[in-house]
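For ligands, and for the atoms within them, numbers begin at 1 and follow the listed sequence.
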Amino acid sequence: MHFETKCVHAGVHKDQQYHSVTTPIYSSSTFSWSDLETNSGYDYTRSGNPTRKALEENLAALEGGAGCSATSSGMSAIHCVMSLFSPGDHIIAPTDVYGGTFRLFDRFLQQKGLNFSFVDMTDHAALLAAFRPATRCVWIETPSNPLLKVIDLAAVVSMAQQHGAVTVCDNTFLSPYLQRPLEFGVDLVVHSTTKYINGHSDVVGGCVVSRSSEHATQVAWLCNALGLACSPFDAWLVLRGVKTLGCRMEAQQANAMKVARFLAAHPRIRHVFYPGLESHPQHLLARQQQRGFGAMLSFEVAGGRDLAERVCVGTRLFDMAISVGGIESLISFPATMSHASMSPAARAAAGITDSLVRVSVGLEHADDLIADLSAALAP
Ligand SMILES: *Cc1c(COP(=O)(O)O)cnc(C)c1O
């Protein structure tokens, strides 16, 4: 089956009684047993639920994994994966990792005894030098947030495997329609389904997809033990959203390319970060490992925070809001919004300046988006 067909059909047919075309919401917290040994396969919704199961089968099929656990947020998916590791273990993560991930790693898990090194993973020598005997995991996020650096999945996986470390990829920015890390040998994929997978800015959710059934079993065990699973209603909403993932991604990335080209030619823009532009340092790599360039971009205005603020506040179609991946375009200022939890020093090291603006391009008409940005940038 092709990807688009799996989006529509994988996992959804759960109603044996009335043969409903969409998956029902099984909101029941508990399920009755017919004798002391037998239940329907479900006993309690924290541990398993038919609506959530439908979503999990769907997402496992889209990423090509052995199993999936759907969680209450992207952060709960990330925390679940990190719970596979123990005090003393060393984890390598990118310098410009998602702000919430950085906070969890640097401010919480570090206190619990896990050790982290943050490195620029486009620099393979720096990455190689970061490995220690205790390195158990390499955390990848590609393209990165907010600078859209592209990390070479095959190269990082091969380095990690030589050191006996597990690889995890946060695939939120591209979705499985545009990138399938498991096909490059990555062990675990996490998503904030809040973003492209749901796509409609009306759910906070996440998932972990595992390449091996061993990891899938461990992850499902942790989700039950730690209570991380999503509600049946949220699972139903995400399952509804994912059915249009392919066509949303196609349309939104076509818009993003047009917006990027407009910005790149604008005199008040110093630099545009978008892997689809030939000027992007990893443009060719993005072409090789991605099916498209995605719908996220960021840019530096030719001026300081004042001009950045004018653009953020001045656009009318782009809502100024945190988050990405919905059908409506959003604009944000990473330094005070998505990346506010990083210290100024960490932000500076990651290249997140006070001239930087991030955009999530939505499903509106590209000409309207460009006219809106053009008006906000006018002197
Ligand atoms: C939003 C996001 C997360 C966190 O997901 P939540 O659903 O907000 O908990 C993690 N990684 C990336 C890349 C994100 O964009």
Side-chain angles (χ1 to χ4, degrees), residues 55 59 63 68-83 91 93-109 118 121 139-151 153 168-179 181 186 188-209 223 226-231 234-235 237-238 241-242 245 249 252 256 273 275 290 294-298 321-326 328-334 337-342 350 352 358-362:
L55 174 63
L59 297 178
E63 283 288 3
C68 169
S69 290
T71 60
S72 60
S73 67
M75 288 316 303
S76 61
I78 293 168
H79 200 177
C80 175
V81 169
M82 294 316 290
S83 303
I91 290 106
T95 38
D96 54 355
V97 72
Y98 173 71
T101 308
F102 183 80
R103 175 174 52 201
L104 177 73
F105 289 5
D106 188 56
R107 306 263 182 85
F108 182 74
L109 293 174
F118 295 94
M121 289 194 190
W139 189 275
I140 309 165
E141 194 182 310
T142 179
S144 73
N145 176 17
L147 293 174
L148 287 304
K149 284 186 195 163
V150 179
I151 295 172
L153 287 169
V168 185
C169 182
D170 184 335
N171 201 24
T172 299
F173 265 31
L174 288 177
S175 89
Y177 179 70
L178 296 180
Q179 175 169 272
V186 166
L188 296 140
V189 164
V190 299
H191 280 281
S192 168
T193 56
T194 314
K195 316 295 167 54
Y196 290 102
I197 287 182
N198 180 58
H200 292 74
S201 309
D202 50 13
V203 180
V204 170
C207 72
V208 182
V209 185
C223 281
L226 304 175
L228 303 176
C230 67
S231 75
D234 284 355
L237 278 171
V238 177
V242 78
L245 177 62
M249 291 305 310
Q252 289 181 228
F273 301 89
Q290 304 173 190
M296 290 300 306
L297 58 92
S298 57
I322 285 179
S323 195
V324 310
E328 54 286 288
S329 293
L330 299 179
I331 195 160
S332 69
F333 186 62
M337 295 171 70
S338 54
H339 291 67
S341 63
M342 290 172 85
I352 303 168
R358 186 183 81 178
V359 161
S360 171
V361 181

Residues around ligand 1, heavy atom under 4.0 Å from any ligand atom, sorted by chain and number. Can you pull those?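 Ligand 1 pocket, heavy atoms under 4.0 Å: S73, G74, M75, I78, Y98, E141, D170, T172, F173, S192, T194, K195, V204, G205.
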Sequence neighbours excluded, which residues qualify as ring pair (Phe, Tyr, Trp, His ring centres under 6.0 Å) partners of Y177?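 For Y177, the residues satisfying ring pair (Phe, Tyr, Trp, His ring centres under 6.0 Å) (neighbours in sequence not counted) are F3.
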By ring pair (Phe, Tyr, Trp, His ring centres under 6.0 Å) - contacts of F173 (at least two apart):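 Ring pair (Phe, Tyr, Trp, His ring centres under 6.0 Å) check on F173 returns nothing, list empty.
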Ignoring hydrogens and angles, tell me if any N or O in the side chain of T193 forms a donor-acceptor pair with the backbone of G205 under 3.5 Å.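 Here the side-chain-to-backbone pair exists.
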If the condition is side-chain hydrogen bond (donor to acceptor under 3.5 Å, both in side chains), which residues does S73 pass it with, not counting sequence neighbours?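 Partners of S73 under the side-chain hydrogen bond (donor to acceptor under 3.5 Å, both in side chains) test: S76.
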Using only heavy-atom distances, determine whether the side chains of S201 and E328 contain a donor-acceptor pair under 3.5 Å.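 Result is yes, a qualifying pair exists.
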Given V209, L153, L174, the one that forms side chain to side chain contact (heavy atoms under 4.5 Å, CB included) with C169: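 Of all the options given, the one that passes is L153.
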